[in-house]
Amino acid sequence: MKKHHSKFKWLLQIKSTILIGVLLCTLAYAKPVAINKFDNPYAEYVQLLTTQPSKILEKLQSNPIADNDSQLLKAQYYGLLSQAHYTLIYPEKALESAQLSLTYITEAEQPWLYHTLKVYEAMAFELIGQPIKGIEGLKHAITWSNQNKALDIYAMALYTKSLINTKLGHYTVALESAKAGYALKAHPQNGYKRHDFTMLIAQIYDELDEYRLAIPVYEEAVAEFRARNQLVSLSIALYGLGRANYAIHKADSGVEQLEESLSIAETVGDSQGVAYALAELALINIKQGNYSLAKQHLLAARKIFSEARNPLVNIESSMRLALVSLHQQNTSSAKQYLDEARALLVKENMPSHAIEIDYIRSKLLFQNSDYKAAYELLSSVYDNYRNYREQESNSQLHKTRVEYDLQSKELQNDILSEKNALQQQELKFQKNKNIYFFIVTFLAIGASILMAVLVYRTHSHRKVLEVLATTDELTGLCNRRHILEHLNKTITATAKTNGCSSVAMIDLDWFKKINDNFGHATGDLVLQKFSQICLQTMPKNAHLGRIGGEEFLMLFPNTDAQNALIYMNKLRHKMPALTKQIDIPNLKITASIGIYQWDQDDTAKDIMQKADIALYKAKENGRNQVLNYQPSLGE
């Protein structure tokens with residue numbers, strides 16, 4: 001009996017050993033369970049990122065991932081590291097960590113985490129200035145999160161989509177995405193909340209220079225972040241609110257809010273927030289003539305930007321330091337700062353910055369009494385700026401054409417789909433002729449309606465493209481190409497009748513100073529109001545176009561130079577009323593005008609050149625005057 005019992009016990013031990021071995025093998029090769037939120041302690045870190053990003057970064061760096069940790073844990077660690085770097089605005093580190101996190105998992109194994117990390121990657125691409133690279137992964141994440149009701153990813157992806165489209169200048173799409181995120185009925189614990197989208201909507205209005213629309217939205221965000229004690233977000237919202245208030249000439253409120261933003265950023269250790277607030281306060285110091293304090297702020301900001309390897313803001317800081325040095329008559333320091341800015345410049349990616357650097361360099365040459373070089377460089381800056389603006393307009397036109405082509409193709413695809421449906425219905429209902437006839441008739445009507453819609457939309461789009469191709473976006477006047485077409489037509493018509501026609505070249509005096517002293521929003525308002533006065537003053541048969549930044553061309557068909565002179569003097573005498581209408585202290589708006597009555601043999605180029613000579617002489621004689629071209633002026 002004992003033998004049998006021992007034998008049974010021995011067999012039981014073998015069976016148990018085999019079962020344990022099978023279980024261990026199964027565990028070794030089993031796939032990890034897919035997660036739908038971060039494991040602890042990373043779940044807690046996500047909650048604290050918006051309030052204590054520096055502390056979270058310190059915790060992650062002081063507790064690095066170990067080699068023997070699981071792939072899943074490594075992916076979460078580097079994902080959170082990317083977000084900490086992103087929140088503190090360290091672009092390269094944010095992208096590097098996001099891409100490293102994606103090497104540890106696949107979409108099939110961990111779909112929720114994979115799409116979360118793809119959104120992190122898209123956010124880092126946007127921050128580093130390469131938004132297009134993150135779009136594909138972001139689209140996939142939006143589709144997946146919507147289908148799987150992963151609201152945390154969906155909200156974060158909408159936020160990122162809005163950021164990217166803002167960076168690309170697609171403000172309508174950006175605003176739609178931000179408002180869709182704001183309208184979400186429920187927000188997950190780990191996702192973006194409604195007040196995050198409030199902030200985003202305000203920033204889009206800010207980008208559009210719609211400060212009066214931005215301010216109440218910023219104020220809503222400030223109140224929300226203050227109530228929740230989300231100090232990093234509060235600092236950012238106060239920064240935007242301060243800039244907007246200063247832009248609409250509420251200087252005291254603007255400075256107070258920027259200083260509070262700076263104080264909060266210093267408290268929470270948000271060094272990038274400190275740098276941006278200092279840079280903005282420095283701009284205000286420059287406008288107020290407090291150059292010593294401006295330099296102090298800019299040097300502190302530039303040091304922080306350098307540590308974060310943020311070249312764009314580094315260039316802007318160096319340019320502002322150069323301007324401060326010029327105001328302080330320190331040309332050697334100004335040259336040094338300009339050289340530093342040029343060393344960081346990637347000209348093909350930063351054309352506007354390249355133009356601004358050359359403009360400051362021309363001021364440096366002038367201050368060094370090298371007047372000839374300063375004049376030549378300033379002329380080059382003017383040409384480059386005009387070309388840059390034309391290229392920007394052409395680029396916008398190209399984008400519109402592409403969108404038009406895509407919409408046309410979509411309509412054509414709709415028609416093809418209807419035709420395919422018609423064929424399928426023909427096969428399905430061929431045994432029943434009455435039903436077949438009804439369906440064919442119905443679909444034919446549908447196809448006809450679609451064709452009519454296509455024709456209508458094609459006609460509408462053509463009209464839109466014609467307006468875009470011929471109209472200056474800011475003023476609504478003819479653009480350079482269109483006004484020159486009018487000039488050529490007028491030359492031909494005048495030649496046929498042996499009559500006389502005239503042209504006036506108009507330039508707003510010291511317009512660059514208006515932009516520098518009062519901001520580009522004021523400069524744009526001056527251009528718009530001036531255009532309206534021109535339209536009210538000129539005769540019905542005249543044509544008016546904007547041919548450069550602050551330069552306009554007015555055509556007077558069948559009008560001699562003396563009569564053109566009368567109209568232009570009327571316009572010049574309306575300038576004080578324009579200044580009063582805009583109502584900004586110390587702002588004075590005047591214009592210099594050159595007129596030319598052309599001969600039968602003059603080409604468009606000759607006419608423009610002679611009108612420009614008259615304009616140049618009007619400026620040379622003290623500005624704020626009208627001058628007719630005389631042959632002696634060209635000598």
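Side-chain atoms are counted along with the backbone in the values below, which use heavy atoms only and exclude waters and symmetry mates. Start at 1 with the first residue, then count along the sequence.
Going from atom OG of Ser54 over to atom CG of Leu49 covers 10.5 Å, rounded to the nearest 0.5 Å. To the nearest 0.5 angstrom, Ser97 atom OG is 11.0 Å from Leu117 atom CG. Of the inter-residue distances, the one linking Leu323 atom CG with Lys363 atom NZ reads 6.0 Å to the nearest 0.5 angstrom. Between Leu241 atom CG and Met199 atom CE the span is 9.0 Å, to the nearest 0.5 Å. Between the CD1 atom in Ile153 and the CG atom in Leu158 there is a gap of 12.0 Å [rounded to 0.5 Å]. Once rounded to the nearest 0.5 Å, the distance linking CD1 of Ile286 with CG of Leu298 reads 5.5 Å.
For the side-chain contact (heavy atoms from CB on, under 4.5 Å) with Glu121, the lone residue among Leu102, Leu138, Thr160, Thr116 that qualifies is Leu102.
Side-chain atoms of Tyr211 and Leu213, non-hydrogen and from C-beta on, never get closer than 4.5 Å to each other. Side-chain contact check for Gln328 versus Ser292: some heavy-atom pair is nearer than 4.5 Å. Residues Gln336 and Asn330 fail the side-chain proximity criterion, which asks for heavy atoms closer than 4.5 Å. Contact annotation: the side chain of Leu208 never approaches that of Leu175 to less than 4.5 Å [non-hydrogen atoms, C-beta and beyond]. Here the side chains of Met156 and Met123 are in contact, with some heavy-atom distance below 4.5 Å. Between Met319 and Ile315, some side-chain heavy-atom pair lies under the 4.5 Å cut-off. Taking the side chain as every heavy atom from C-beta outward, Tyr337 and Ser325 approach each other to under 4.5 Å. Leu321 is listed as a side-chain neighbour of Lys295, based on a closest heavy-atom distance under 4.5 Å.
Aromatic ring orientation, His327 versus Tyr291: parallel (interplanar angle below 30°, classes split at 30° and 60°). Between Tyr239 and Tyr276, the ring planes lie perpendicular to each other; the angle is over 60°, past the 30° to 60° tilted range. Aromatic ring orientation, His115 versus Trp144: parallel (interplanar angle below 30°, classes split at 30° and 60°).
A salt bridge links Asp358 to Arg361: at least one charged side-chain nitrogen sits closer than 4.0 Å to a carboxylate oxygen. Using a 4.0 Å cut-off between charged side-chain N and carboxylate O, Lys55 and Glu58 make no salt bridge. Arg302 has a carboxylate O that lies under 4.0 Å from a charged side-chain N of Glu340, or vice versa, which qualifies the two as a salt bridge. The pair Glu260-Arg226 meets the salt-bridge criterion, with a side-chain N (NZ, NE, NH1 or NH2) lying under 4.0 Å from an Asp/Glu carboxylate O.
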**Request:** Might you work through the side chain to side chain contact (heavy atoms under 4.5 Å, CB included) test for Leu73 and Tyr42, ending with a clear yes or no?
**Result:** CA-CA 9 Å; Leu73 210 59; Tyr42 302 135; 3.9 Å; yes
**Asked** side chain to side chain contact (heavy atoms under 4.5 Å, CB included) between Lys118 and His140: does it pass, once the steps are laid out?
**Response** CA-CA 9 Å; Lys118 288 300 286 184; His140 194 27; over 6 Å; no
**Request:** Before giving the answer on side chain to side chain contact (heavy atoms under 4.5 Å, CB included), spell out for Gln52 and Val268 the whole-Å C-alpha distance, their side-chain angles and the decisive distance to 0.1 Å.
**Result:** CA-CA 7 Å; Gln52 303 175 34; Val268 299; over 6 Å; no
**Item:** Stepwise side chain to side chain contact (heavy atoms under 4.5 Å, CB included) test for Phe125 and Ile132
**Value:** CA-CA 8 Å; Phe125 272 128; Ile132 293 174; over 6 Å; no
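Of the N and O atoms on the side chains of Asp152 and Trp112, at least one donor lies less than 3.5 Å from an acceptor on the other residue. No hydrogens or angles considered: a donor-acceptor pair under 3.5 Å links the side chains of Tyr218 and Asp206.
Stacking of Lys287 on the aromatic ring of Tyr246 is not recorded, the 6.0 Å distance cut-off and the 45° axial limit not both being met.
Nearest heavy atom pair, residue Leu184 against residue Ala155, reads CD1-CB, 3.9 Å.
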